[in-house]
Amino acid sequence: MKKITLFLVFIGMMVLQSCEVTEVYDNTDNGPRNEVFEVTTSFNSSNNYSSLVEFNPPIYSSDSVLVYHLYDTVNGQDIWKLMPQTYYFNDGGALDFNFDFSRFNVNLFLSANFSLNTLPSSWTQNQTFRIVIIPDGFAKTINKNNIDSVMSALKVDKSEVKKINL
């Protein structure tokens with residue numbers, strides 16, 4: 001009886017095992033969206049210190065989104081910082097450049113431990129961001145802190161960055 005029960009348990013485990021669904025990508029038009037977008041936007045109280053960038057078409061549910069903030073330009077070289085990014089001020093203030101995303105859009109927003117109305121315009125006006133869409137499995141294998149490494153790994157040239165006008 002024990003052998004029959006053990007056999008039935010084994011068969012049950014084989015039949016009831018879970019399945020894993022993986023999206024298969026190829027390099028055709030229906031392949032992964034290894035895209036990089038650049039958007040310049042301004043934040044103020046009328047837009048609740050946020051800016052919505054829509055994806056058209058939507059991204060795959062398994063894709064990831066990385067967002068970089070253009071912090072500065074030094075000797076002609078752009079300094080990009082991976083978001084979320086917190087900037088600390090001498091008076092104890094902390095400003096966060098952050099984002100959230102869905103399959104349909106990415107929302108860029110500011111938050112702080114002080115009133116955003118007191119921010120100098122250098123922090124709120126004409127802020128530039130790069131939005132990078134990458135397949136989720138690929139996101140685990142690259143150095144996300146360096147935008148140049150990400151673009152190189154994705155084989156996206158700077159000339160292929162798509163400008164979005166809001």
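Numbers for residues simply follow the sequence, beginning at 1.
- Judged purely by distance below 3.5 Å, without hydrogens or angles, the side chains of Y68 and N146 never pair a donor atom with an acceptor atom.
- Closest approach of L154 to I133, counting heavy atoms only: CD1-O, 4.4 Å.
- Between the side chains of N48 and S50, not a single donor N or O lies within less than 3.5 Å of an accepting N or O.
- At least one donor-acceptor pair under 3.5 Å links the side chain of R103 to the backbone N or O of I59.
- Among all heavy-atom pairs drawn from V161 and R130, the shortest one is CG1-NE, 3.8 Å.
- You'll find the side chain of I131 reaches within 4.5 Å of the side chain of V65, heavy atoms only.
- Transitive grouping of hydrophobic side chains (ILVMFWY, heavy atoms separated by less than 4.5 Å) brings I164 and V106 into a common cluster.
- Under the 4.5 Å side-chain criterion, counting only non-hydrogen atoms from C-beta, L95 is in contact with L116.
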Q: Apply side-chain hydrogen bond (donor to acceptor under 3.5 Å, both in side chains) to S149 and N143, showing your working.
A: CA-CA 7 Å; S149 295; N143 175 10; 4.5 Å; no
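- In this structure, Y49 is not a member of the same hydrophobic cluster as L52, with clusters built from ILVMFWY side-chain heavy atoms closer than 4.5 Å.
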Q: Show the numbers, then the answer: is there a side-chain contact (heavy atoms from CB on, under 4.5 Å) between V36 and M151?
A: CA-CA 8 Å; V36 180; M151 289 179 58; 4.2 Å; yes
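- The distance from the NZ atom of K158 to the OG atom of S152 is 10.5 Å, given to the nearest 0.5 Å.
- Taking each heavy atom of L108 and M83 in turn, the nearest pair found is CD2-CE, 4.4 Å.
- Using a 4.5 Å cut-off on side-chain heavy atoms (C-beta onward), F89 and L119 make contact.
- A side-chain hydrogen bond (donor to acceptor under 3.5 Å, both in side chains) with T128 is found for exactly one of D78, T40, T41, namely T40.
- For the atom pair CD1 (I79) and CG (L70), the distance works out to 8.5 Å, reported to the nearest 0.5 Å.
- When all heavy atoms are compared, the tightest approach of N113 to G92 is ND2-O, 3.4 Å.
- We find that E38 and K162 are not joined by a salt bridge, their nearest charged nitrogen and carboxylate oxygen being 4.0 Å or further apart.
- Contact record, N107 with S51: OD1-O, 3.3 Å, taken as the closest heavy-atom pair.
- Side-chain contact between D148 and W80 is absent, with no heavy atoms from C-beta onward closer than 4.5 Å.
- In this structure, L110 CG and F99 CZ are separated by 14.0 Å, a value rounded to the nearest 0.5 Å.
- When side chains are defined from C-beta on, V67 does not count as touching V132, because their heavy atoms never get closer than 4.5 Å.
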Q: Check the pair Y71, Y87 against ring pair (Phe, Tyr, Trp, His ring centres under 6.0 Å), reporting the backbone distance first and the verdict last.
A: CA-CA 10 Å; Y71 176 69; Y87 300 101; 5.2 Å; yes
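- Remark: side-chain polar atoms of Q77 are not paired, donor with acceptor, to backbone N or O of V74 under 3.5 angstrom.
- Screening F97, F109, F43 for a ring pair (Phe, Tyr, Trp, His ring centres under 6.0 Å) with H69, the sole residue that qualifies is F97.
- In the displayed structure, D91 atom CG is contacted under 6.0 Å by more than 12 heavy atoms of other residues, nucleotides or ligands.
- Taking CD from Q127 and OG from S122, the interatomic distance works out to 7.5 Å, rounded to the nearest 0.5 Å.
- S42 and N126 make their closest contact through OG-N, 2.9 Å (heavy atoms, listed as atom of the first residue, atom of the second, distance).
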